[in-house]
Amino acid sequence: MDLLHSPLHDRHVALGAKFAEFGGWDMPVEYSGGGVLAEHAAVRESVGLFDVSHLGKAVVRGAGAADYVNRCFTNDLAKIGVGQAQYTLCCADDGGTVDDLIAYLRSDFEVFLMPNAANTAEVVQRLRDEAPEGIEVADLHRRYAVLALQGPASADVLQALDVPADHPYMSFVTGTIAGRELTVCRTGYTGERGYELVVDSEDAADVWDAVLAAGEPQGIRPCGLGARDTLRTEMGYPLHGHELSPEITPVMARAGWAVGWDKPEFWGKEALERQRAEKTVSLIRGLKAEGRAIPRPGMRVSSTTGESVGEVTSGTFSPTLREGIALALLDRSIAVGDTVSVDVRGRAQSFTVVTPPFVTTQVKES
């Protein structure tokens, strides 16, 4: 399969990036001159710039567009106003997670959506299949690029560019960088204060260059998706295909906070309500290594008596804590504070069950 390239691909090559496939796209994992650890530290301590143009982009337009989206996805769009964004989930009838995404409420007549790369086509098709007359669902995946500016100094970089930076968490405004108009979203996937810049693909290179130049006084680093994964794992943020999937529902992922339980309808409502009431399904929990072990996805988790109780869904070395951490789907018999064993390359290693996030950050700081 031919992989898709970001509009910034040439910039990444020039910066010495290592690439890997993400959702059908050839995207930078890390850059020369530091790698994942340095890029992770830049975001936690100062500021980093990611190209996340592989993320999907779609729009639902027409009379009643917001109401229609609200009847489909789990979260309650009525809880936010125009100019705000909301984390939500697209579920199948059995409650399985088709995708998790961000919905940006532009007006009652227009909702911009940012799904995951690999799931964009399915989310768009499901919306089209159910759309009433007068509602248009457009796939804009290639039309826009997305740059994620993340870290405690991210606002300083935008202010140096005369771009609005003081709007609240999970809201968005328009701005201009290098003469290019874009949307400035107070969102991100790292746990730090940050912004996602949605810009026309043809303008992405000019914006990328301008942001890197403006961030030089703060020591800005271009960051790859390797650091993005360690940062989100430290926060306990789910990744589709790991903590969310057709087999792992929002209830199992402990994402019930993103479900509008009082709404009259949304896809998968009956199945999710049943899981919520029965309290029998496995749940995503955090794990911290008691030794030097580094967990990886797919590793078996056992109780202290040797009984299999689950599986690691995401695991990594935490650059902030300097120890192994993981997210795992575990039986309900396992509680926070328990000790479990993870089979790390054939050796039983002890881990403590915890509630994420693993680190304290300033994501919502205004």
Side-chain angles (χ1 to χ4, degrees), residues 18-23 27-30 34-41 43-44 97 100 116 118 189-191 223-249 251-255 281-361:
K18 296 180 181 179
F19 293 86
E21 186 269 336
F22 286 84
M27 298 299 293
V29 177
E30 62 179 43
V36 171
L37 294 181
E39 293 164 20
H40 181 109
V43 174
R44 288 281 182 249
T97 311
D100 62 331
N116 286 289
Y189 196 49
T190 66
C223 299
L225 299 186
R228 188 168 181 260
D229 191 60
T230 56
L231 289 158
R232 71 93 190 170
T233 303
E234 286 186 346
M235 292 303 297
Y237 291 160
L239 176 64
H240 194 274
H242 292 253
E243 290 72 46
L244 292 163
S245 72
E247 292 75 39
I248 303 178
T249 71
V251 172
M252 299 166 71
R254 301 172 64 84
V281 295
S282 298
L283 298 173
I284 293 291
R285 300 281 192 184
L287 301 178
K288 286 182 69 173
E290 295 180 359
R292 299 173 60 87
I294 309 300
R296 299 299 182 192
M299 290 181 174
R300 186 171 66 92
V301 182
S302 301
S303 67
T304 53
T305 59
E307 179 185 5
S308 179
V309 293
E311 184 176 287
V312 172
T313 54
S314 292
T316 189
F317 172 77
S318 164
T320 303
L321 301 177
R322 312 298 294 181
E323 62 186 356
I325 60 172
L327 299 171
L329 187 63
L330 303 178
D331 291 350
R332 281 181 179 257
S333 60
I334 303 301
V336 171
D338 286 354
T339 297
V340 295
S341 175
V342 177
D343 183 352
V344 180
R345 298 181 179 86
R347 297 184 63 183
Q349 303 285 347
S350 295
F351 284 74
T352 302
V353 180
V354 299
T355 299
F358 297 93
V359 298
T360 302
T361 64

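We number each residue from 1, following the sequence as shown. As a basis for the values below, the full set of heavy atoms in this structure was taken, side chains included, without hydrogen atoms, waters or symmetry mates.
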Next item on the list: Taking the side chain as every heavy atom from C-beta outward, state whether Phe358 and Leu321 have any atom pair closer than 4.5 Å.
Entry: yes
Margin query: Could you check whether any side-chain N or O of Asp343 sits under 3.5 Å from a backbone N or O of Val301, counting only pairs where one atom can act as donor and the other as acceptor?
Written below: no
Next item on the list: Using a 4.5 Å cut-off on heavy atoms from C-beta on, say whether the side chain of Thr361 contacts that of Met235.
Entry: yes
Next item on the list: Would you indicate whether the side-chain heavy atoms of Ser302 and Arg300 approach each other to under 4.5 Å?
Entry: yes
Checklist line | CE on Met299 to CD1 on Ile294, rounded to 0.5 Å | finding: 9.5 Å
Check: Under 3.5 Å, is there a donor-acceptor pair between the side chain of Ser245 and the main chain of Glu247?
Finding: yes
Item checked: CE-CD distance between Met252 and Glu243, expressed to the nearest 0.5 angstrom -> 12.0 Å
Margin query: I'd like to know if the side chain of Thr230 and the backbone of Ala227 have a donor-acceptor N/O pair within less than 3.5 Å.
Written below: yes
Margin query: Just verifying a value: how many Å separate His40 NE2 and Thr316 OG1, rounded to the nearest 0.5 Å?
Written below: 9.0 Å
Item checked: For Asp229, salt bridge (Lys or Arg N to Asp or Glu O under 4.0 Å) partners two or more places apart -> Arg232
Item checked: Contact list for residues 303-327, test salt bridge (Lys or Arg N to Asp or Glu O under 4.0 Å), sequence neighbours left out -> Lys288-Glu323
Note to self: If you compare all heavy atoms of Gly236 against all heavy atoms of Pro356, which two are closest, and at what distance to 0.1 Å?
What the structure shows: CA-CB, 3.7 Å
Check: Atom CG of Leu37 and atom OG1 of Thr320: how far apart are they, to the nearest 0.5 Å?
Finding: 10.0 Å
Margin query: Salt bridge check, Arg44 against Glu234: does any charged N sit closer than 4.0 Å to a carboxylate O?
Written below: yes
Notebook entry, point to check: Just how far is it from atom CG of Leu244 to atom OG1 of Thr97, taken to the nearest 0.5 Å?
Noted result: 4.5 Å
Check: Is Phe351 close to Ile325 at the side-chain level, that is, under 4.5 Å between some pair of heavy atoms?
Finding: no
Notebook entry, point to check: Distance-only, no hydrogens or angles: does the His242 side chain make a donor-acceptor pair with backbone N or O of Ser314 under 3.5 Å?
Noted result: no
Tell me which donor-acceptor pairs under 3.5 Å the side chains of residues 327-340 have, and how far apart each pair is, sequence neighbours excluded?
{"from": "Arg332", "atom 1": "NE", "to": "Lys279", "atom 2": "O", "distance (Å)": "3.3"}
{"from": "Arg332", "atom 1": "NE", "to": "Val281", "atom 2": "O", "distance (Å)": "2.7"}
{"from": "Asp338", "atom 1": "OD2", "to": "Ala335", "atom 2": "N", "distance (Å)": "2.8"}
{"from": "Thr339", "atom 1": "OG1", "to": "Glu290", "atom 2": "OE2", "distance (Å)": "3.4"}

Item checked: Straight-line distance of Leu231 CG to Leu225 CG, nearest 0.5 Å -> 11.0 Å
